[in-house]
*Asks:* 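Below: one structure in structure tokens.
Predicted model only: the values in this text are computed from it and were never measured. All values below were derived from every heavy atom in this structure, side-chain atoms included, with hydrogens, water molecules and symmetry-related copies excluded.
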Amino acid sequence: MTKYYVYDVFTDRPFSGNQLAIFPDAAGLQEDQLQAITKEFNFSETTFVYPPSDPANTARVRIFTPTHEVPFAGHPTIGTAIALFDLGRGADQVLELGVGNLPCKVTPQGASFVTSAPLERLSHPDPALVARALGLAVEAIDLSVHVPVQASLGLPFVIVQLTDRATLARCQSDIAACREGAQRHPAGMDFSIFAYVRDGSQVDARMFAPLDDMPEDPATGSASATLAALLQSDLRQHQTLHITQGEDMGRPSRITAETFGDPAQVRISGQAVMVMEGDLRI
């Protein structure tokens with residue numbers, strides 16, 4: 001039997017935020033079991049924790065979505081850091097991820113990690129295609145700060161600003177348009193779209209990745225980090241964003257994304273709460 005825990009991440013209360021299954025000692029699991037286990041939970045991500053390659057670090061963490069392994073994701077990093085803290089692994093951690101080492105800080109009030117990965121602008125999808133993938137008219141896209149851009153700090157997202165909160169609420173992903181987007185812009189594999197509206201430092205967002213068996217994600221720390229880096233670059237000033245996500249699907253989440261330094265780094269902060277624990281019997 002292998003122990004697992006389920007945390008709700010980017011929230012301080014059960015049954016909200018983003019669900020995450022964590023296996024804090026995955027060394028006994030077989031490689032061909034990892035994807036099947038993740039699919040069985042069917043959360044947006046599951047993490048498998050191993051001893052670190054460098055003994056100076058805290059742990060090596062592998063992150064799986066229901067369809068494939070990813071090198072980096074925000075809510076799995078926050079949730080895993082808090083779970084390891086709860087298991088006595090300490091407040092100052094360094095997690096080895098597919099994008100490299102990520103320093104994390106955990107307190108009783110939550111956790112944060114810092115990414116120094118450079119912002120990559122991979123492509124600029126046609127606004128009409130992005131609008132169609134969101135079930136909207138092209139006029140719903142706000143081009144005043146940036147055009148839709150497929151960008152990445154380790155995990156690609158199409159970042160698109162919309163005109164207002166009511167428009168954000170009307171979004172409904174179109175799988176055919178997402179497939180077309182993935183064919184035209186294969187860097188992201190699944191044409192994941194992070195749509196947002198912004199009022200100063202307050203951001204309301206939704207993330208859709210139906211090609212990754214994720215019709216909608218209630219909290220996406222990696223996309224939030226990418227948005228902060230993108231706005232830092234375009235507006236040429238450091239950002240502190242308070243991001244609300246998941247409200248339209250009944251799982252409200254709160255993410256803080258801050259840029260600092262030169263070259264810019266991004267700090268993602270949030271809370272998490274354990275809601276389940278159990279044993280995998282295979």
Side-chain angles (χ1 to χ4, degrees), residues 1-53 57-99 101-113 115 154-155 212-214 217-222 246 251 253 255 268-282:
M1 295 189 296
T2 304
K3 193 76 174 177
Y4 69 83
Y5 299 88
V6 174
Y7 277 67
D8 287 341
V9 185
F10 288 124
T11 182
D12 62 354
R13 63 195 65 188
F15 313 124
S16 57
N18 202 349
Q19 298 156 296
L20 175 70
I22 304 157
F23 287 80
D25 182 7
L29 297 175
Q30 300 300 310
E31 179 69 23
D32 62 359
Q33 294 174 327
L34 303 183
Q35 190 68 68
I37 292 167
T38 303
K39 184 69 173 176
E40 184 75 9
F41 279 101
N42 206 34
F43 299 154
S44 57
E45 278 105 358
T46 293
T47 62
F48 301 91
V49 181
Y50 300 86
S53 301
N57 297 333
T58 305
R60 180 169 67 94
V61 180
R62 297 178 66 184
I63 304 170
F64 283 76
T65 77
T67 61
H68 61 282
E69 185 173 5
V70 296
F72 165 64
H75 101 272
T77 302
I78 291 288
T80 301
I82 290 176
L84 294 178
F85 175 81
D86 290 346
L87 291 169
R89 299 294 291 274
D92 294 298
Q93 303 177 16
V94 178
L95 302 183
E96 299 174 356
L97 301 180
V99 293
N101 296 342
L102 239 61
C104 303
K105 176 74 173 179
V106 188
T107 72
Q109 289 71 46
S112 63
F113 67 82
T115 175
L155 195 62
D212 198 20
D213 286 352
M214 204 183 307
D217 195 35
T220 319
S222 47
R251 296 193 67 91
S253 308
I255 304 168
I268 293 292
S269 305
Q271 298 173 289
V273 57
M274 187 178 75
V275 293
M276 285 184 264
E277 60 179 298
D279 297 304
L280 179 71
R281 297 174 178 266
I282 57 172

*Asks:* With a 3.5 Å distance limit and no angle check, can you tell me whether Gln19 reaches the backbone of Ser44 through a side-chain donor-acceptor pair?
*Replies:*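 No, the answer is negative, given that no donor and acceptor are paired below the 3.5 Å cut-off.
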
*Asks:* Within the 3.5 Å criterion, strictly below it, is a donor on Asp213 or Asn42 matched to an acceptor on the partner's side chain?
*Replies:*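 The criterion, which ignores hydrogens and geometry beyond distance, is not satisfied for Asn42 and Asp213.
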
*Asks:* When rounded to the nearest 0.5 angstrom, what distance separates OH in Tyr7 from CD1 in Ile78?
*Replies:*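 One gets 13.0 Å once the value is rounded to the nearest 0.5 Å.
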
*Asks:* Kindly say whether Gly90 contributes a backbone atom to a donor-acceptor pair with the side chain of Gln93 at under 3.5 angstrom?
*Replies:*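 Indeed, once roles are kept as given, a pair shorter than 3.5 Å links the two residues.
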
*Asks:* Quick one: closest heavy-atom pair of Ile82 and Ala111, and the distance?
*Replies:*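 Scanning both residues completely, I find the closest heavy atoms to be CG1-CB, 3.5 Å.
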
*Asks:* Does any part of the side chain of Ile63, heavy atoms only, come nearer than 4.5 Å to the side chain of Leu97, both counted from C-beta?
*Replies:*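 The answer is yes, as the side chains (C-beta and beyond) meet within the 4.5 Å cut-off.
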
*Asks:* Between Thr11 (side chain) and Asp8 (backbone), is there a donor-acceptor pair under 3.5 Å?
*Replies:*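 No, Thr11 side chain to Asp8 backbone: no donor-acceptor pair under 3.5 Å.
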
*Asks:* Looking at every heavy atom in both Pro218 and Ser253, which two are closest together, and how far apart are they?
*Replies:*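 Taking Pro218 first and Ser253 second, the nearest heavy atoms are O-OG, 2.9 Å.
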
*Asks:* Please find the pair of heavy atoms, one from Asp92 and one from Thr58, that lie closest to each other, and give the distance.
*Replies:*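 Scanning both residues completely, I find the closest heavy atoms to be O-OG1, 4.2 Å.
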
*Asks:* If every non-hydrogen atom of Gln271 is compared with every non-hydrogen atom of Gln109, which pair is closest and at what distance?
*Replies:*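 Nearest heavy atoms, Gln271 then Gln109: CG-O, 3.1 Å.
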
*Asks:* Do any N or O atoms from the side chain of Gln35 and from the backbone of Pro66 form a donor-acceptor pair under 3.5 angstrom?
*Replies:*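 Yes; judged by distance alone, with no hydrogens or angles, the pair exists.
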
*Asks:* Are Leu87 and Tyr5 packed together at the side-chain level, in the sense that at least one heavy-atom pair is separated by less than 4.5 angstrom?
*Replies:*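 Side-chain contact under 4.5 Å: yes.
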
*Asks:* Heavy atoms only: give me the nearest Thr2-Asp25 pair and the separation to one decimal.
*Replies:*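 Reported closest heavy-atom pair: CG2-O, 3.6 Å.
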
*Asks:* Give me the ring orientation class for Phe41 and Phe43: parallel if the planes are under 30° apart, tilted from 30 to 60°, perpendicular past 60°.
*Replies:*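 Tilted.
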
*Asks:* Rounded to the nearest 0.5 Å, what's the gap from OG1 on Thr80 to CD1 on Ile22? Could you check?
*Replies:*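 If we round to the nearest 0.5 Å, Thr80:OG1 and Ile22:CD1 are 4.5 Å apart.
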
*Asks:* Do His68 and Thr65 have side-chain heavy atoms sitting under 4.5 Å apart?
*Replies:*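 Touching, per the 4.5 Å side-chain cut-off.
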
*Asks:* Could you go through Lys3 and Asp279, starting from their C-alpha distance and side-chain angles, then the distance that decides it, and tell me whether this counts as side-chain contact (heavy atoms from CB on, under 4.5 Å)?
*Replies:* CA-CA 5 Å; Lys3 193 76 174 177; Asp279 297 304; 3.5 Å; yes

*Asks:* Going from OG1 on Thr67 to CE on Met214, what distance comes out if it is rounded to the nearest 0.5 angstrom?
*Replies:*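 The CE atom of Met214 is 7.5 Å from OG1 of Thr67, to the nearest 0.5 Å.
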
*Asks:* Once you round to the nearest 0.5 Å, how far does OG1 of Thr77 lie from CG of Leu102?
*Replies:*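 One gets 6.0 Å once the value is rounded to the nearest 0.5 Å.
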
*Asks:* How far does CE of Met1 sit from CG of Leu280, to the nearest 0.5 angstrom?
*Replies:*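 Rounded to the nearest 0.5 Å, the CE-CG separation comes out at 10.0 Å.
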
*Asks:* Is there side-chain contact between Arg89 and Val106, with heavy atoms separated by less than 4.5 Å?
*Replies:*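 With C-beta onward as the side chain, the pair stays apart.
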
*Asks:* With a distance cut-off below 6.0 Å to the six-membered ring centre and an angular limit of 45° from the axis, does Arg60 pair with Tyr50 as a cation-pi contact?
*Replies:*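 Here Arg60 passes the 6.0 Å and 45° test against Tyr50.
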
*Asks:* Return yes if some donor-acceptor pair links the side-chain N/O of Glu96 with the main-chain N/O of Ser53 below 3.5 Å, else return no.
*Replies:*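 Side chain of Glu96 to backbone of Ser53: a pair is present.
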
*Asks:* For residues Ser222 and Phe72, report the shortest heavy-atom separation together with the two atoms involved.
*Replies:*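 Of all heavy-atom pairs spanning Ser222 and Phe72, the closest is CB-CE2, 3.6 Å.
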
*Asks:* Taking atom CD as the centre, does Glu40 end up with more than 12 heavy-atom neighbours from other residues, nucleotides or ligands that are less than 6.0 angstrom away?
*Replies:*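 No, the 6.0 Å shell around CD holds no more than 12 heavy atoms from other groups.
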
*Asks:* Measure the OG1-CG distance between Thr46 and Leu20 for me, rounded to the nearest 0.5 Å.
*Replies:*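 Going from OG1 on Thr46 over to CG on Leu20, the span is 6.5 Å.
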
*Asks:* Find out whether Phe64 and Ile37 are in side-chain contact, i.e. whether some heavy atom of one side chain is under 4.5 Å from a heavy atom of the other.
*Replies:*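 No; the side chains remain at least 4.5 Å from each other.
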
